[in-house]
Amino acid sequence: MADNSNKKFLVGIFNDENVLLKAVKQLKAKSVKIHDVYTPYPVHNLDIYLGYKRSRLSKAAFLFGATGTTLAILMQVYMLSIDWPMIVGGKNFVAAPTMVPVTFEFTVLCAALGMVGTFLISNGLGPGKQAFMFDPRSTDDKFVMAIEVGKNVLSETELEAALKEHGAEAVNTKEVLTKKH
Amino acid sequence: MQVTSPIREPLVLRKDDEANPGKKRETTYADVTEDICRQVEAAPNPRWMLAMLISLTALAWGSYTLYRTWWFGIGEWGLNKTIGWAWDITNFVWWVGIGHAGTLISAILLLFRQKWRTSINRAAEAMTIFAVVCAGSFILMHMGRPWLAHWALPLPNTYGPLWVNFNSPLVWDVFAISTYLTVSLVFWYIGLIPDLATIRERAKAAGRPISAFVYGLLSFGWDGSAKTWARYEMVALVLAGLSTPLVLSVHTIVSFDFATSLIPGWHTTIFPPYFVAGAIFSGFAMVLTLMLITRYVFKLQPYITLAHIESMNKIILLTGSIVGIAYLTEFFIAWYSGVEYERYAFINRAFGPYWWAYWSMMTCNVISPQFFWFRSMRRNIYVTFGLSIVVNIGMWFERFVIIVTSLHRDFLPSSWTMFYPTYVDVGDYIFSFGLFFTLFFLFAKFLPMINMAEVKTVLASSNEAIREKGLIEVAEEAKVATNA
């Protein structure tokens with residue numbers, strides 16, 4: 001049975017990426033649990049300051065690419081030498097050099113599509129997905145930090161003060177309706 | 001803190017200050033959003049409508065000749081018993097080449113950390129996709145029976161175990177072009193998502209429900225969280241890593257269509273690098289043609305600066321010179337090979353009945369880019385625009401010279417003949433222009449032409465105050481480090 005409950009967030013709005021980075025560093029030093037940070041462009045080192053692990057998407061790309069290589073080789077060997085063995089231009093049934101272009105292209109295709117698919121799924125992105133925005137200005141010119149109130153070492157008032165102290169130009173509260181099943 | 005050397009030109013220029021007429025002010029993040037979203041959100045302007053009208057007229061006329069090609073067959077073209085390929089393959093190779101600059105800008109310049117790519121990568125990538133679509137249209141055209149296009153793919157069929165011939169460069173082409181189109185499309189679209197989210201939020205705020213719905217659908221629920229951005233950057237980097245060899249392989253494989261044959265003038269090992277260099281050369285010329293028009297029409301001068309134009313001209317100079325060396329090498333090797341057919345093919349190119357095409361190619365591709373040795377020329381908008389068109393004409397002639405002059409006089413003098421295009425040949429070429437510009441203008445109207453998110457990453461390094469502050473901080477840090 002669904003149980004609807006509200007989560008309360010403090011939303012700090014920052015004007016400058018450097019101020020934001022310092023604030024993240026200092027709040028993390030105070031053991032404040034930051035829900036997430038939303039920015040209009042990728043801010044370098046922000047993921048490291050937030051303690052996120054390096055993405056494994058490159059490994060996924062490698063695995064998808066290796067699958068593509070294997071499939072392309074198997075396909076060509078099967079079609080040209082097992083299912084319909086045919087000598088073309090005096091070459092062997094399995095003429096490795098002529099298999100290189102198709103194998104290479106199929107490897108790249110599988111690696112690219114597989115990795116992008118993984119990226120979309122792992123981030124919950126897809127056509128028609130609804131975005132929840134703590135502040136729509138984070139797609140324009142503001143840097144937005146969201147901190148969940150109940151689950152932190154500091155109280156709401158202390159968190160608000162800390163955000164302001166570390167450079168937030170405004171701090172808002174936002175209640176988010178979440179469904180628990 | 002991003003620090004940029006003070007001698008490096010800013011990538012985003014200062015804007016006119018509306019509050020203080022005659023003065024300039026720093027461009028802000030909000031300015032970037034506003035300037036780029038303006039043409040998407042505003043009603044179509046008369047210049048855009050006129051451009052669309054011209055493009056659609058070309059498309060309509062081309063559609064008629066395309067109908068004739070498909071209904072009556074490729075006998076409508078000027079082909080004959082000796083020249084079985086002419087304009088169709090010339091146009092195909094030319095369009096594929098034009099596409100290369102987009103991937104080069106997105107992928108190779110990203111890997112080399114060339115930040116000047118940020119303002120031009122979106123439009124260049126779009127150009128790539130549309131150019132490859134045009135190239136693909138010529139493959140369908142010269143099939144004669146496009147409804148059987150799927151026969152080029154290794155699909156199970158009702159004729160038993162009958163498969164495509166993987167030893168054929170034409171099958172390699174199918175894989176190369178379709179992979180190139182797919183990966184370029186994915187790369188371009190992934191880059192668009194954050195900007196589409198920006199437009200979505202603006203549409204919501206302005207109370208435009210249809211725009212909010214459409215861009216909401218297209219933006220895939222993007223929220224710009226730090227984790228998503230980190231993964232997005234990884235995706236962009238790996239896609240760049242995958243696209244870099246891909247862009248080199250595509251034109252290499254296209255060159256194999258010729259190089260693996262035995263026709264004098266085609267059977268040369270220099271073709272792969274020579275085709276790739278030529279592709280980048282023509283691609284950058286087309287990017288410049290389009291960007292100079294776009295820059296003027298949409299008032300994007302602060303984002304597409306003279307520094308961007310100069311950088312592109314330097315690449316044109318480099319690749320144009322490589323192409324020039326390739327022409328001379330071809331001639332030298334034809335002589336050095338000692339093969340009389342090969343020697344004749346090249347002498348015939350320069351002094352035979354198609355001499356005018358050869359010398360047009362040499363003038364446009366070898367001589368014209370050399371003007372860019374001069375800084376004043378590289379930074380001159382009018383010279384750049386004129387030469388970009390000259391280079392594209394030259395590169396079309398290059399493909400024409402390679403294909404037609406090699407075919408029209410092959411081993412048997414009894415079959416020597418000339419190729420004269422028909423109006424259907426010309427119309428099919430016009431069709432591709434109509435298609436290309438229709439797609440490009442639709443893109444320019446409904447999608448952001450400049451990658452807002454990426455431009456915002458270089459904005460701080462273009463801000464004079466921040467540059468100075470950054471330099472002071474670095475100097476102080478260096479002082480502390482030295483004292484320590």
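Proteins get letters first, then strands, A, B, ... in listed order; numbering begins at 1 in each.
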Greatest number of heavy atom pairs closer than 4.5 Å to chain B - which of A:Val116, A:Leu50, A:Asp83, A:Val100: A:Asp83
Max heavy-atom pair count under 4.5 Å with chain B, selected residue of A:Pro42, A:Ala60, A:Ser55, A:Gly128: A:Pro42
Which region of [X], side chain (C-beta onward) or backbone (N, CA, C, O), has a non-hydrogen atom less than 4.5 Å from a non-hydrogen atom of chain A, or is it both or neither?
X	result
B:Leu246	both
B:Val186	side chain
B:Pro245	both
B:Leu218	neither

A:Tyr41 six-ring face occupied by B:Lys456 cation (under 6.0 Å, within 45°): no
Starting at [atom1] of [X], measure out to [atom2] of [Y] and round the result to the nearest 0.5 Å.
X	Y	atom1	atom2	value
B:Leu239	A:Leu57	CG	CG	10.0 Å
A:Gln76	B:Phe166	CD	CZ	5.0 Å
A:Tyr38	B:Thr228	OH	OG1	8.0 Å
B:Glu233	A:Asp47	CD	CG	8.0 Å

Tell me, side chain or backbone of [X] under 4.5 Å from chain B's heavy atoms, or both, or neither?
X	value
A:Asp140	both
A:Ala61	side chain
A:Phe104	side chain
A:Arg56	neither
A:Tyr49	neither
A:Ile48	neither
A:Asp36	side chain
A:Leu109	both
A:Met79	both
A:Gln130	backbone
A:Ser122	both

Can you tell me if [atom1] on [X] sees more than 12 non-hydrogen neighbours from other groups inside 6.0 Å?
X	atom1	value
A:Lys174	NZ	yes
A:Tyr52	OH	yes
A:Lys33	NZ	no

Minimum heavy-atom distance B:Val238-A:Ser58, with the two atoms named: CG2-CB, 3.8 Å
Residues of residues 172-182 of chain B contacting chain A, heavy-atom criterion under 4.5 Å, by residue number: B:Trp172, B:Phe175, B:Ala176, B:Thr179, B:Thr182
Under the side-chain hydrogen bond (donor to acceptor under 3.5 Å, both in side chains) test, residues paired with B:Asp31 that sit two or more places apart: B:Arg25, B:Thr28
